[in-house]
Structure formats: C-alpha cells, structure tokens
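Here is the structure we will look at, set down as structure tokens.
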Amino acid sequence: MESTAMSISISPGHTRRRAAAGFLALAALLVPAPVASAGDTDSDDVAPVILLDGAKGAEGIAAAGSTRFFAGDLITGDIYRGDIRRDKATRFIDAPEGRMAVGMKADRHNDLLFVAGGPTGQAYVYDTDTGKTVRTYQLTKNEAFINDVALTDRGAWFTNSRQGELYFIPVDDDGDLGSVRTLPLKGPAADTSKQFNLNGIAYSRDARRLVVAHSGNQTLYTVSPRTGNSTEITGVKVANADGVLVKGDTVWAVQNFSNQISRLRVNFHESTAKLREVITSPNFNIPTTAALFDDTLAAVNAKFGVPDATTFEVVTVDARTNATR
C-alpha cells in the first residue's frame, strides 16, 4: 500500500474509518497514471473483474486454493472470500470495530489467514474454516503501518512502513502460534527517510531470502531472515512499488499508481534483476497487491485518490503475456 490522499465516506462513530482516513490523508505525493490497456486474461474460465460485494475499501489478497482467494476491506477490516471463476466475492469475516485489513497471506496447511493491521500496529490471525479470530498480535507500540505479509515454512513475516524492522510470528508443525519476534534491518532496506518506506514482502525458498519492496526508494531488496542484512536488487527501478510475489527466479511487483505489474527475472545470487515485461489492464484502478493462480494474477483495485469510489474489485490478468524469458 502507498500512502496517499483519498476520499472516504466516514460515518459518525466509526473510529476505524477515521483512523484510515487520517493516515491515508498524510500525503498525496503521487498522481495516478493513465490506465494502461493490455494484458487481460484470455481464459474463459476466469472472471476478468470480481466485485467485492459491499466493500468500503480494498488492499490485500491471498490465494486460498487453486482458484479461491481471500481479500480484505481496508477500511473496516472485513474479509471477503471469492473464486477467480466467479464475478462476485462475499463477506466471510465481519471484523470487530477498530480493525483494518492491509496485506494478507493464507497458510493453507494450517487453515490460518494472517492479516496486516496498518496503523493499529497489529496483526490478526483468523481460522479460514470458521472465520473466528485465532489471535491478535500487537507487533509494535511505536509508530507503525503494518503493511504486508509473507509466509515461510516456519511462520509469517510482516513489514512496517514506518520502521526499519520486520516482525515474525512463528507457526510450529502442529499449527500452534508462538510469540512475536522483531528483526531490526541492516543496510539499505532499513532506510526510513521517506514518508512511506517498506511495503510488500515475499519469500524466496530457493534463495532463502525475503524480498521487500521499498516504496520511497522505488527499489526491491533481499533480506536475510536470520540476520536482517539487506541488499539492493540492482538493474531495475520499480516506481510506486507495492505488493510483490516470488516464484523461482521470477518476481512480480505491483506498481499501484503506475497501474501495472512488472515481471522481473532475478538472479538472487548476484542480487540483480532484468525487466521481462510490464503487465497492464484497462480494468486496473490503482492495484496494490496480487495473488498467483498458475498462469493468472489476481490483483486488488484499491482506488486510492479516486473520487467517490463506491465499489472495489479484483482484476485478473495473465501472469505472462509474452514468451520472453
């Protein structure tokens, strides 16, 4: 998620909406780019646009199966459940007052959904079968915007756009949750000089490194989950970097106000990257995060800065629109 001004309808007494509006109105540093026009998925089995029915906002999405997903309402914290073959997703979790839902990931093995809580400094863990809250974590009491989540075989990592540190929630082999651990970052990823810093996060099992997007620096970094040491991935600049996905040596970087997703080929050993293609869609309207379903990406339209936005949706596109490697 990128910090920006946006128009939000706020009902009296709804503290979570006021919190969201207060944070998002801190700055309007970027102007939305014209919506691009390529990259629509051609599959007849996939819905090109999926409405989050009744959502007041949107930001995060998590794959929950071969075609199923969860998506979050940024403003209310509610969680929606949908399928990329259908054109509508319905509310699954009615979150308690005061929560927000930013980035998220689903642990399918343990039936858990990890959700970043934005300016609350919290993370929420839900049972994906029942929708009940398993546990709420206060990741930090310092200034925070808990932004996104990555899963490893051992637990969940969270970014904070206001601090140069990551937070880890361990999950054991039985699916039991442990105590949160803070990992101070070292090197360039620790930079907090910009208004909005760390954003998306993903995990490369091959490289055994976390990949984090830094919105302010327009850069991707690798981070050692053991030491916190970080290294810039050189060779590309990623303007408006938001959510990231990793599969093998491929990284997809969602670029919200650019209305595009860049597909990169990364050499993790040398920490270099090459741009392979830019994926666009006429249906993109400030996409923030994406989930991967085989050859399909499902990206959430957050519509930051879009006046009087009343509907929010997920857009599907081909994960590779050309054969370039």
Side-chain angles (χ1 to χ4, degrees), residues 1-6 8 10 14-30 57 59-60 72-77 95-105 114-125 135-150 155-169 179-201 210-221 223 225 228-230 240-244 256-257 288-289 302 304-305:
M1 173 182 176
E2 182 75 26
S3 172
T4 182
M6 66 182 291
I8 303 176
I10 305 174
H14 284 216
T15 56
R16 59 189 169 191
R17 296 188 190 182
R18 288 198 297 269
F23 176 81
L24 293 171
L26 284 175
L29 300 178
L30 299 171
E59 211 280 346
D73 187 322
L74 174 66
I75 308 305
T76 67
E97 186 75 21
R99 293 189 185 181
M100 294 179 66
V102 195
M104 62 184 65
K105 289 294 186 298
F114 294 85
V115 180
T120 67
Q122 296 177 338
Y124 312 111
V125 187
R135 191 164 173 180
T136 297
Y137 286 87
Q138 189 67 47
L139 300 180
T140 180
K141 294 183 179 179
N142 296 324
E143 183 181 13
F145 193 90
I146 308 304
N147 202 323
D148 208 352
V149 193
W157 288 93
F158 293 79
T159 56
N160 185 346
S161 300
R162 299 309 221 177
Q163 306 290 336
E165 57 193 27
L166 303 177
Y167 312 99
F168 180 66
I169 297 175
S179 299
V180 65
R181 176 169 66 89
T182 300
L183 178 67
L185 297 182
K186 304 171 186 176
D191 178 17
T192 57
S193 63
K194 308 299 190 298
Q195 186 168 15
F196 217 69
N197 303 288
L198 294 178
N199 201 323
I201 185 170
L210 296 162
V211 177
V212 295
H214 195 294
S215 297
N217 292 345
Q218 304 180 56
T219 303
L220 303 180
Y221 301 102
V223 174
N229 289 331
S230 63
N240 304 315
D242 205 314
V244 290
N256 48 35
F257 283 97
T288 46
T289 58
F304 299 147

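Values in this document were obtained by computation on a predicted structure and should not be read as measured data.
How far CE of M100 is from CD1 of I75: 5.5 Å, rounded to the nearest 0.5 Å. In this structure, N147 CG and E59 CD are separated by 6.0 Å, a value rounded to the nearest 0.5 Å. Here the straight-line distance linking atom CD of E97 with atom OG1 of T76 works out to 9.0 Å at 0.5 Å rounding. We find the CD-NZ distance between Q218 and K194 to be 9.0 Å, quoted to the nearest 0.5 Å.
Residues Q163 and T182 fail the side-chain proximity criterion, which asks for heavy atoms closer than 4.5 Å. Within the 4.5 Å cutoff, no side-chain heavy atoms of L139 are placed close to those of Q122. When side chains are defined from C-beta on, T140 counts as touching N160, because their heavy atoms get closer than 4.5 Å. L185 places a side-chain heavy atom less than 4.5 Å from the side chain of L166. A heavy-atom distance below 4.5 Å is not found between the side chains of V180 and F158. Considering only heavy atoms from C-beta on, D148 stays 4.5 Å or farther from V102 through its side chain. The side-chain heavy atoms of R181 and Y167, taken from C-beta on, include no pair separated by under 4.5 Å. The closest side-chain heavy-atom distance from R99 to T120 is not below 4.5 Å.
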Practice item. Mind running ring-ring contact (aromatic ring centres under 6.0 Å, His included) on F114 and Y124 for me, showing each step along the way? Key: CA-CA 6 Å; F114 294 85; Y124 312 111; over 10 Å; no
Check your understanding: Stepwise, does the side chain to side chain contact (heavy atoms under 4.5 Å, CB included) test hold for N197 with T159?
Key -> CA-CA 9 Å; N197 303 288; T159 56; over 6 Å; no
Practice item. Test side chain to side chain contact (heavy atoms under 4.5 Å, CB included) on E165 and L183 and set out the steps. Key: CA-CA 5 Å; E165 57 193 27; L183 178 67; over 6 Å; no
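In terms of heavy-atom proximity, A213 sits nearest to A241 at CB-CB, 4.0 Å. In terms of heavy-atom proximity, S230 sits nearest to G187 at OG-C, 3.3 Å. Nearest heavy-atom pair, F145 versus F196, reported as atom, atom and distance to 0.1 Å: CD2-CZ, 3.9 Å. Nearest approach of P225 to L210, heavy atoms of both residues: CB-CD1, 4.1 Å. Residues G72 and A101 approach most closely at CA-CB, 4.0 Å, considering heavy atoms. The nearest pair of heavy atoms linking V115 to M104 is CG2-CB, 4.0 Å.
Between the side chain of T219 and the main chain of N217, a donor-acceptor pair closer than 3.5 Å is present. K105 contributes a side-chain N or O that, together with a main-chain N or O of V149, makes up a donor-acceptor pair within less than 3.5 Å. Counting only distance, with no hydrogens or angles, the side chain of H214 and the backbone of D191 share a donor-acceptor pair below 3.5 Å.
Not counting sequence neighbours, the partners of F168 by the ring pair (Phe, Tyr, Trp, His ring centres under 6.0 Å) test are W157.
When each of N240, N199, D242 is checked for a side chain to side chain contact (heavy atoms under 4.5 Å, CB included) with T288, only D242 meets the rule.
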